[in-house]
Amino acid sequence: MFTTVPVHAHKNDGNDEIGTAFFYSLETNEDDVTVPLLIVNAHTVEDANTATVYLNSADDDGHPTGEAIPVRVRRDRLTAFHTRDLDLIAFPIGDVLNELAQRGQNPFFKTITQELIPDNDTLTDLSAIEDVTFIGYPSGLMDRENSMPIARRGVTATAVWNNYNGEPQFLIDAGVYPGSSGSPVFIFDRGHYTNAEGALVAGSRLIFLGLISQTMVHEEQFDRAYLGLGKVIRTDAVTEYINDVSEELLPIDQN
């Protein structure tokens, strides 16, 4: 629940677009040293002069307080690692965190790590229909008193291991609305789950499958209806993009 933050993109026309960003830890070759990134859909911050993300604050003991810390993100940072092909933008936030710490403001957050990304064997072992959980801010909704996002559930509408319409994406059948864009999507099973052969497996699973990139709608001449479907960029495409970003962020000997 602490992997995401709301993003308010301040557009040139004076309007704001609200989306979801999540934390990701970019590993380096140094032990216990990572580069924290925020990842968001490119369309959320497209044509934005600046954006504001709202971090959750921590008390002196490192526990979340429920108070929000607004952080303004400049346009040059939003566009530095823009890839229109995948509708993704990742930007480093370590310097922002250090600056906040120097001012006595300690953000509380969790990051998605490499360990949560499935390999090909894990993907092919998934069932065509899997329960999924996604975290974000549908229609800008959140628990403002506690600075917490909204968790929602659904099922895969197309198999994760297939490329939907030839792209590294899949669909989920869930309540996906504007503002959900950028929400990380997980398989989160506790206690037991069913594998692709239909066998019941004892144990728990937490797998990062990707991030929501689009709300599917049906449009007619005078009507626009949400279909309850969302398009998800799969983790292999996200990982490939992050690897490209790491080549620019990290020294050559780190890659």
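- Using a distance-only test at 3.5 Å, with no hydrogens or angles considered, no donor-acceptor pair links the side chain of Asp143 to the main chain of Ser147.
- Using modelled atom types, one side-chain atom of Ser204 and one backbone atom of Gly191 make a donor-acceptor pair closer than 3.5 Å.
- In this structure, Ile212 is not a member of the same hydrophobic cluster as Tyr177, with clusters built from ILVMFWY side-chain heavy atoms closer than 4.5 Å.
- At least one donor-acceptor pair closer than 3.5 Å links the side chain of Thr124 to the backbone N or O of Asn120.
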> Can you check side chain to side chain contact (heavy atoms under 4.5 Å, CB included) on Val217 and Leu229, steps first, answer last?
Replying inline: CA-CA 8 Å; Val217 297; Leu229 295 170; over 6 Å; no
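- A continuous path of hydrophobic side-chain contacts links Tyr241 to Leu116 [ILVMFWY only; heavy atoms under 4.5 Å].
- For the atom pair CG (Leu88) and CG (Asp244), the distance works out to 11.0 Å, reported to the nearest 0.5 Å.
- Looking at heavy atoms from C-beta onward, Pro92 lies in side-chain contact with Leu37 at the 4.5 angstrom threshold.
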Donor-acceptor pairs under 3.5 angstrom involving side-chain atoms of residues 2-12: please list them, not counting sequence neighbours.
residue: Thr4; atom: OG1; partner: Tyr137; partner atom: OH; Å: 3.1
residue: His10; atom: ND1; partner: Asp16; partner atom: OD1; Å: 3.0
residue: His10; atom: ND1; partner: Asp16; partner atom: OD2; Å: 3.2
residue: His10; atom: NE2; partner: Thr52; partner atom: OG1; Å: 2.7
residue: Lys11; atom: NZ; partner: Glu17; partner atom: OE1; Å: 3.4
residue: Lys11; atom: NZ; partner: Thr44; partner atom: O; Å: 3.4
residue: Lys11; atom: NZ; partner: Glu46; partner atom: O; Å: 2.4
residue: Asn12; atom: OD1; partner: Asn49; partner atom: ND2; Å: 3.0
residue: Asn12; atom: ND2; partner: Asp47; partner atom: O; Å: 3.2

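- Under the 4.5 Å side-chain criterion, counting only non-hydrogen atoms from C-beta, Val40 is not in contact with Thr20.
- At a threshold of 4.5 Å between non-hydrogen side-chain atoms, the residues Glu67 and Ser57 count as touching.
- Formation of a donor-acceptor pair under 3.5 Å by the Asp13 side chain with backbone atoms of Asn15 is found in this model.
- Following chains of ILVMFWY side-chain contacts shorter than 4.5 Å, one cannot reach Ile39 starting from Leu209, and the two form parts of different hydrophobic clusters.
- Atom CG of Asp60 has 12 or fewer neighbouring heavy atoms from other residues, nucleotides or ligands inside a 6.0 Å radius.
- Taking 4.5 Å as the limit, some side-chain heavy atom of Leu211 sits within range of a side-chain heavy atom of Asn41.
- For the pair Gly140 and Ile18, the tightest heavy-atom approach, listed with the atom from each and the gap, is CA-CG2, 4.0 Å.
- Contact check for Asp121 versus Leu123: no side-chain heavy atoms found under the 4.5 Å cut-off.
- Around atom CG of Leu206, more than 12 heavy atoms belonging to other residues, nucleotides or ligands sit under 6.0 Å away.
- Taking both residues in full, the closest heavy atoms of Pro118 and Thr235 are given as CD-OG1, 3.7 Å, listed atom of the first, atom of the second, then distance.
- No donor-acceptor pair closer than 3.5 Å links the side chain of Asn56 to the backbone N or O of Phe108.
- At least one donor-acceptor pair under 3.5 Å links the side chain of Asp119 to the backbone N or O of Thr122.
- Of the possible polar contacts, one joining the Asp59 side chain to the Asp61 backbone as a donor-acceptor pair under 3.5 Å is found.
- One finds the NZ atom of Lys110 at 11.0 Å from the OG atom of Ser25 (value rounded to the nearest 0.5 Å).
- Counting heavy atoms from C-beta on, the side chains of Val45 and Val73 never come closer than 4.5 Å.
- Nearest approach of Ala51 to Leu78, heavy atoms of both residues: CB-CD1, 3.9 Å.
- In the hydrophobic clustering of ILVMFWY residues, with side-chain heavy atoms under 4.5 Å counting as a link, Ile207 and Tyr24 come out apart.
- Between the side chains of Arg72 and Thr50, at least one donor-acceptor pair of N or O atoms lies under 3.5 Å.
- Under the ring pair (Phe, Tyr, Trp, His ring centres under 6.0 Å) criterion, Phe188 pairs with no residue at all, not counting sequence neighbours.
- Shown are Ile233, Ile112, Ile117; of these, the side-chain contact (heavy atoms from CB on, under 4.5 Å) with Val238 is made only by Ile233.
- Taking the side chain as every heavy atom from C-beta outward, Phe208 and Val185 never approach each other to under 4.5 Å.
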>> Evaluate Asn163 against Gln169 for side chain to side chain contact (heavy atoms under 4.5 Å, CB included), listing each step before the verdict.
In response: CA-CA 6 Å; Asn163 287 341; Gln169 303 171 341; over 6 Å; no
>> Using the rule given for side chain to side chain contact (heavy atoms under 4.5 Å, CB included), can you reason through Val132 versus Val155, listing the C-alpha separation, both sets of side-chain angles and the distance that settles it, and then say yes or no?
In response: CA-CA 5 Å; Val132 294; Val155 297; 5.7 Å; no
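- Taking each heavy atom of Glu130 and Ser127 in turn, the nearest pair found is OE2-N, 2.8 Å.
- In this structure, Arg205 forms a cation-pi arrangement with Tyr193, its terminal cationic atom sitting closer than 6.0 Å to the ring centre and no more than 45° off the ring axis.
- Counting heavy atoms from C-beta outward, Pro184 and Phe186 have side chains that approach closer than 4.5 Å.
- Here the side chain of Thr158 pairs a donor or acceptor atom with the backbone of Leu171 at under 3.5 angstrom.
- Val35 is connected to Val245 through a chain of hydrophobic side-chain contacts under 4.5 Å among Ile, Leu, Val, Met, Phe, Trp and Tyr, so both are in one cluster.
- Remark: aromatic rings of Phe134 and Phe22 are distant, center separation not under 6.0 Å.
- Within the structure, ring pair (Phe, Tyr, Trp, His ring centres under 6.0 Å) contacts touching residues 145-164 (residues at least two apart or in different chains) do not occur.
- Within a 6.0 Å radius of CZ in Arg190, other residues, nucleotides and ligands contribute 12 heavy atoms or fewer.
- Pairing each heavy atom of Gly136 with each of Ser183, the nearest pair is CA-OG, 3.4 Å.
- By the salt bridge (Lys or Arg N to Asp or Glu O under 4.0 Å) test, Asp173 is found to be paired with no residue, residues two or more places apart in sequence or in another chain being considered.
- By the salt bridge (Lys or Arg N to Asp or Glu O under 4.0 Å) test, Arg234 is found to be paired with Asp236, residues two or more places apart in sequence or in another chain being considered.
- A search for side chain to side chain donor-acceptor pair (under 3.5 Å) contacts involving Arg144 returns nothing, not counting sequence neighbours.
- The shortest heavy-atom contact between Leu97 and Pro36 is CD1-CG, 4.0 Å.
- A donor and an acceptor atom, one from each side chain of Asp95 and Asn98, are nowhere located under 3.5 Å apart.
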